[in-house]
Amino acid sequence: MTRAGLLQRVSSLLATQPSGDGVLGVMLVRLQRLPEIRIAHGYAAGEALAAATAQSIGQTLRPGDEVHVLDDAELAVLLPHLRDGNHALLAGLRVLRILDAPVVFGERAVPVSAAVGLAVGPDQGEDPETLLRRAGIAAGQARRGSERCVLYRAGSDATGVPYELLRAALAGNRLEVHLQPILDLARRRWVGIESLARWRDPEGGLVPPLEFIPLAEDTGLVADLTRWSLNTSLRHAARARRAVADLGVSVNLSPRVFGQRDFVAQVLSSLDVWDLPASALTLEVTETALMEDPATGFALLERLRAEDIGISIDDFGSGYSSLAYLKHLPATELKIDRAFVTDLCRDRRSEQLVHSIIDLGHDLGMEIVAEGVEDADTLERLARLGCDRAQGMHIERPQPAGTLIDLLAREAA
């Protein structure tokens, strides 16, 4: 079905559902392993898989529910006459349970990973455009977060920042880099800096990264944002290394660049421009991002690691923590998610988990970095547990690049 046809069908269901007769649920199911499946089974497998997935979903939902294939990667499920939003959420969770089992098409049984977003009308939208947009917002949150099924929440609309404004800010180099130092716990000296993109709009003020980074990912601007971030971060790192010669720089990597054929060449070119060794750069990627397209992601990280670029698994423990994938990753570093670090001194289980992650990482030959260190007690406990490095507000808050580099120079003097 085309999106225009889907809009017409949603409009028809909204018009024919009597007032007070429950709500209309709109569900978007986004399949996440298509590139890997196409590599393994051929390009036509995407279309066959989407059709088989639609059939599997249709067999388990109610007779009046409708499943429509929008393209290889996305399906829409229409759920008329639901009681409320929670009823829609239960349907979404049922779909995820269906997809926990491999989908069979032809003679193949293929495991499928999906993100599910839901919105209900008329409560969350009285017209089809709004309902579909809000279901899409929820699906985007499911793709980026730890929950794989998300019901739209009031006030969670995609950023109010217009696409055109972000594009203009990138083109005009109006974003800026803030840096946060990384402390070596054994030597008690700064050995690295993490680069964090910030955007202060002249009219709208500070725009949170959680708004403009997803916007860049969802609108195709992420390649430009990554290119800007990498070059700007390396420029500041080159200056910072004049104060601390062996200082490393960490830059966050979006999964949207995994498929760029020239990405490794871009990174090497940027290092060459700023006369930095590849070993000075660490690229950070989250577990959740890797699992969107494991085959492509792992292949890219292997190529980067072959060039002596460091690879960090960010927010470790908050996503798809699995020994099955961890043993294959060419990672040089694990960053423990702040959720464990924050409760380290108050919760015995958090301490045990942190200790286990440290031992695991060391056994695999990785450095361990703890994020979110907020006080001296936590810092000392991490040191006793054998953690290698730490960062957080207690050590130093993120600051504009020029300010932090000046501080580095004074500390080194």
(request) Among Leu404, Val249, Ile405, find the residue that satisfies the side chain to side chain contact (heavy atoms under 4.5 Å, CB included) test when tested with His236. (result) Ile405
(request) Answer yes or no: is there an ion pair linking Glu194 with Lys335, defined by an N-O contact shorter than 4.0 Å? (result) yes
(message) Any heavy-atom pair between the side chains of Leu31 and Val29 that's under 4.5 Å?
(response) yes
Could you tabulate the donor-acceptor pairs under 3.5 Å formed by side-chain atoms of residues 166-177, not counting sequence neighbours?
from: Asn173; atom 1: OD1; to: Trp228; atom 2: NE1; distance (Å): 2.7
from: Arg174; atom 1: NH2; to: Ala168; atom 2: O; distance (Å): 3.4
from: Glu176; atom 1: OE2; to: His178; atom 2: NE2; distance (Å): 2.8

(request) Calculate, to the nearest 0.5 Å, the distance between atoms CG and CG belonging to Leu79 and Asp65 respectively. (result) 4.5 Å
(request) Test Val26 against Val77 for side-chain contact (heavy atoms from CB on, under 4.5 Å), laying out the working first. (result) CA-CA 6 Å; Val26 174; Val77 183; over 6 Å; no
(message) Salt bridge check, Asp71 against Arg3: does any charged N sit closer than 4.0 Å to a carboxylate O?
(response) yes
(request) Could you walk me through whether Leu82 and Arg62 pass side-chain contact (heavy atoms from CB on, under 4.5 Å), step by step? (result) CA-CA 11 Å; Leu82 296 178; Arg62 304 171 306 168; 3.5 Å; yes
(message) Give me the atom names and distance for the closest heavy-atom approach of Pro128 to Ser11.
(response) CG-CB, 3.8 Å
(request) Give, for atom CZ of Phe263 and atom CG of Leu283, the distance between the pair rounded to the nearest 0.5 Å. (result) 5.5 Å
(request) Output the distance between atom CE (Met27) and atom CG (Leu61), rounded to the nearest 0.5 Å. (result) 6.5 Å
(message) What verdict does the side-chain contact (heavy atoms from CB on, under 4.5 Å) test give for Leu379 and Leu183, after you've listed the backbone C-alpha separation in whole Å, the side-chain angles of each residue and the deciding distance to 0.1 Å?
(response) CA-CA 10 Å; Leu379 189 68; Leu183 180 73; 4.3 Å; yes
(message) How about CZ on Arg188, more than 12 heavy atoms from neighbouring residues, nucleotides or ligands closer than 6.0 Å, or not?
(response) yes
(request) Start with the C-alpha distance between Ser270 and Asn231, add both sets of side-chain angles, then the distance that settles side chain to side chain donor-acceptor pair (under 3.5 Å), and finish with yes or no. (result) CA-CA 6 Å; Ser270 296; Asn231 276 289; 3.2 Å; yes
(request) Could you tell me whether a side-chain N or O of Thr16 sits under 3.5 Å from a main-chain N or O of Ser12, the two making a donor and an acceptor? (result) yes
(message) Before you tell me yes or no, could you show the steps for Thr378 and Asp375 under side chain to side chain donor-acceptor pair (under 3.5 Å), namely the whole-Å CA-CA distance, both residues' side-chain angles and the distance that decides it to 0.1 Å?
(response) CA-CA 6 Å; Thr378 300; Asp375 55 68; 2.9 Å; yes
(request) Could you verify whether a donor N or O on one side chain and an acceptor N or O on the other, from Ser312 and Glu333, lie under 3.5 Å apart? (result) yes
(request) Write down the atom of Gln124, the atom of Ala119, and the distance for their closest heavy-atom approach. (result) OE1-CA, 3.2 Å
(message) If we ignore hydrogens and angles and just use 3.5 Å, is the side chain of Glu302 paired with the main-chain N or O of Phe298 as donor and acceptor?
(response) no
(message) Please check: side-chain N/O of Asp262 versus main-chain N/O of Ala265, any donor-acceptor pairing under 3.5 Å?
(response) no
(message) What I want to check is whether the side chains of Asp272 and Ser269 have a donor and an acceptor closer together than 3.5 Å.
(response) no
(message) Quick check for you: to the nearest 0.5 Å, what is the distance between Leu304 atom CG and Leu281 atom CG?
(response) 8.5 Å
(message) Which heavy atom of Leu131 sits nearest to which heavy atom of Gly125, and what is that distance?
(response) CG-O, 3.5 Å
(request) Considering non-hydrogen atoms only, spot the tightest contact between Arg389 and Cys387 and give its length. (result) O-SG, 3.2 Å
(request) Give the minimum heavy-atom separation between Leu234 and Leu276, together with the two atoms involved. (result) O-CD1, 3.6 Å
(request) Could you tell me whether the side chain of Phe316 reaches within less than 4.5 Å of the side chain of Ile336, counting heavy atoms only? (result) no
(request) Identify whether the distance between the nearest side-chain nitrogen and carboxylate oxygen of Arg348 and Asp343 falls below 4.0 Å. (result) no
(request) Indicate yes or no for a side-chain donor-acceptor contact from Ser254 to the backbone of Val257 under 3.5 Å, with no hydrogens or angles considered. (result) no
(request) Give, for atom CG of Leu75 and atom CG of Leu28, the distance between the pair rounded to the nearest 0.5 Å. (result) 9.5 Å
(message) Is it the case that the side chain of Thr403 and the backbone of Gln399 share a donor-acceptor pair, with hydrogens and angles ignored and the cut-off at 3.5 Å?
(response) no
(message) With rounding to the nearest 0.5 angstrom, report the CD1 to NE2 distance, Ile57 to His68.
(response) 12.0 Å
(message) Donor-acceptor check, side chain of Arg241 to backbone of Leu247, threshold 3.5 angstrom: yes or no?
(response) yes
(request) Take Leu7 and Glu129 through the side-chain contact (heavy atoms from CB on, under 4.5 Å) test and state the conclusion after the steps. (result) CA-CA 7 Å; Leu7 285 169; Glu129 283 277 6; 3.6 Å; yes
Sequence neighbours left out, cut at 3.5 Å: what donor-acceptor pairs do the side chains of residues 352-374 make with other protein atoms?
from: Ser356; atom 1: OG; to: Gln352; atom 2: O; distance (Å): 2.9
from: His362; atom 1: NE2; to: Asp388; atom 2: OD1; distance (Å): 3.4
from: His362; atom 1: NE2; to: Asp388; atom 2: OD2; distance (Å): 2.8

(request) Check Ala76 against Leu6 and note the closest heavy-atom contact, atom names and distance. (result) CB-CD2, 3.7 Å
